[in-house]
**Student:** 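One structure coming up, written as structure tokens, with questions to follow.
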Amino acid sequence: MSEPIRVLIVDDEERFRSTLVKLLASRGMTAAAAGSGEEALEVLAREPFDVILLDVRMPGMGGMKALPRIKELRPEAEVLALTGHASVDIASEMIAKGAADYLLKPCPLDELLDGIRAAFDRGRARKPQ
Amino acid sequence: MSGNSSTSRKTPDPVPASGTSPPLGDKRAVPGLALYTVLVPVLAGAAVLTAAACAPAMGVFLAVLTLALTAWSARRLAGLAGRAEGERCLLTAKLMQSQKLAAVGELSSGIAHEINNPLAIISQEAELCGALVEAKGAMDPELADCLAEIARQVARGRDITRRLLDFSRKMEPVTQLESLDRAVEDMVVLVEKEARLRNVNVIRRYDPDAPRLLIDVPLLRQAVINLLTNALDALEEKDQAGGEEAHGTIVVSTWRSGPGEAAITVADDGPGVARENLARVFHPFFTTKPPGKGTGLGLSITHNIVERMGGRMEVVSEPGQGAAFTIHLPLKGETP
Ligand SMILES: Nc1ncnc2c1ncn2[C@@H]1O[C@H](COP(=O)(O)OP(=O)(O)OP(=O)(O)O)[C@@H](O)[C@H]1O
Ligand SMILES: [Mg+2]
């Protein structure tokens with residue numbers, strides 16, 4: 001567990017991204033941010049991440065569209081949908097498309113950290129050592 | 001049959017929930033009806049859709065605008081509802097009620113979504129603020145209390161948006177053949193712990209030969225828990241008002257309410273529902289509880305769920321003697 005967990009935050013709210021980057025960093029994770037699905041794909045093409053927090057609705061390419069491409073590009077990354085838009089339909093569709101879990105905003109930091117760690121552990125367990 | 005006793009001690013004239021809107025004025029006497037039944041819901045829907053696509057600030061503005069629009073429309077409808085009566089008018093009232101519910105549902109989820117994002121930012125800023133102050137070694141109890149209060153208020157806001165989303169959720173019931181007792185008992189167990197703490201007695205009167213019904217268990221649980229928490233709340237009021245011997249009893253029964261029907265009744269001996277409120281308790285946002293305590297959505301969620309399962313609701317209450325809420329479900333479980 002010496003390697004820090006690498007988290008990519010994909011969200012169109014600038015302040016949400018920047019503060020969450022700082023918060024995750026303060027909890028020993030490495031975090032980067034992207035403001036849209038397109039931007040996320042660019043970042044992911046350059047470097048790998050363990051866990052991706054993905055908003056569903058964003059101007060430009062939203063999470064629903066970005067998810068399959070992210071999975072194609074980085075199949076080993078675990079995706080957590082994190083959104084203010086709660087609906088059973090959206091949640092089940094995101095999970096069907098490969099998201100590991102679905103978290104609803106506002107999500108208390110501790111719950112979010114638990115979610116990220118759980119996703120990270122699951123991802124590591126799947127990977128052949 | 002044993003369950004019947006819980007309602008029979010109450011006075012007659014139950015108010016059917018689907019007729020909760022007072023009969024509406026004669027259609028001919030209401031020329032601008034299309035305004036409320038078509039234009040307002042369409043506008044509300046359009047605003048929600050636009051809000052989803054544009055900047056948050058614009059979204060909030062639209063949400064407020066839509067809120068004002070539907071509130072105005074609802075008020076006008078309520079005004080119209082005050083007048084005449086008759087079979088056909090009752091039918092109109094039912095239609096209005098469900099259209100109003102649909103519009104309010106759409107509006108609610110739009111608002112909930114728009115509010116969740118700022119709530120998320122507020123909660124993160126408070127977290128970061130705490131972490132920064134902590135790192136400087138400058139945290140003091142008062143500041144810590146302020147930050148904790150922000151977190152509590154965010155949680156409160158979140159509870160409200162969750163409830164709004166529950167309310168507006170358009171889930172198709174997924175039914176399975178199950179006995180009513182099973183779904184009811186799970187929730188009774190849940191509430192019983194809290195009840196014991198408050199010295200409230202929970203009595204079960206389950207029909208020993210309860211038939212199995214086609215029900216959606218998670219949805220029905222949600223419907224039942226709302227009735228149970230209301231009963232607990234009602235008894236708390238009584239506790240505060242009545243001094244020491246006022247502890248209260250909740251009777252939960254399952255019984256056959258008719259040839260083709262099974263029913264669940266949750267009755268309490270709390271303060272009951274005031275006469276003038278009987279017709280309104282199922283309306284969304286109707287609450288007599290203090291701010292932060294009730295959203296007024298519990299019973300309308302229950303009502304929605306029951307209706308979706310093809311059932312109906314009924315309330316019997318004599319002020320000062322308690323209230324009994326009954327869910328009637330068709331034995332076939334098929335929507336009529
Ligand atoms: N068992 C009861 N006894 C007396 N009054 C009741 C009872 N159940 C409901 N009511 C009345 O009906 C109102 C609406 O109930 P409802 O469950 O819809 O909302 P709420 O309990 O006020 O808020 P919420 O359920 O959203 O927390 C209550 O505020 C209360 O006045
Ligand atoms: Mg309630």
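Note on naming: letters A, B, ... go to the chains in the order of the sequence lines (proteins, then strands), and numbering restarts at 1 for each one. Computed from heavy atoms alone, side chains included, the values below leave out hydrogens, waters and symmetry copies.
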**Student:** Measuring from atom CD of B:Glu127 to atom OG1 of A:Thr19, what distance do you get when rounded to the nearest 0.5 angstrom?
**Tutor:** 11.0 Å
**Student:** Below 4.5 Å from any heavy atom of chain B, which atoms of A:Arg17 appear? Answer side chain, backbone, both or neither.
**Tutor:** neither
**Student:** Minimum heavy-atom separation for B:Gln124 and A:Leu20, please, with both atom names.
**Tutor:** NE2-CD1, 3.4 Å
**Student:** What do you reckon, is CZ of B:Phe61 surrounded by more than 12 foreign heavy atoms closer than 6.0 Å?
**Tutor:** no
**Student:** Minimum heavy-atom separation for B:Asn116 to A:Pro106, with atom names?
**Tutor:**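 Closest heavy-atom pair between B:Asn116 and A:Pro106: OD1-CD, 3.6 Å.
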**Student:** A side-chain contact here means heavy atoms from C-beta on lying under 4.5 Å apart; do A:Arg15 and B:Glu125 qualify?
**Tutor:**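 Yes - at least one pair of side-chain heavy atoms lies under 4.5 Å apart.
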**Student:** Is atom NZ of A:Lys65 surrounded by more than 12 heavy atoms (other residues, nucleotides or ligands) closer than 6.0 Å?
**Tutor:**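 No, NZ of A:Lys65 has 12 or fewer neighbouring heavy atoms, counting only those of other groups under 6.0 Å.
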**Student:** Would you mind reporting whether B:Leu119 and A:Lys105 have side-chain heavy atoms less than 4.5 Å apart?
**Tutor:**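 Counting from C-beta outward, A:Lys105 and B:Leu119 never come under 4.5 Å.
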**Student:** What do you reckon, is CD of B:Glu142 surrounded by more than 12 foreign heavy atoms closer than 6.0 Å?
**Tutor:**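 Atom CD in B:Glu142 is not packed in, count stays at 12 or less.
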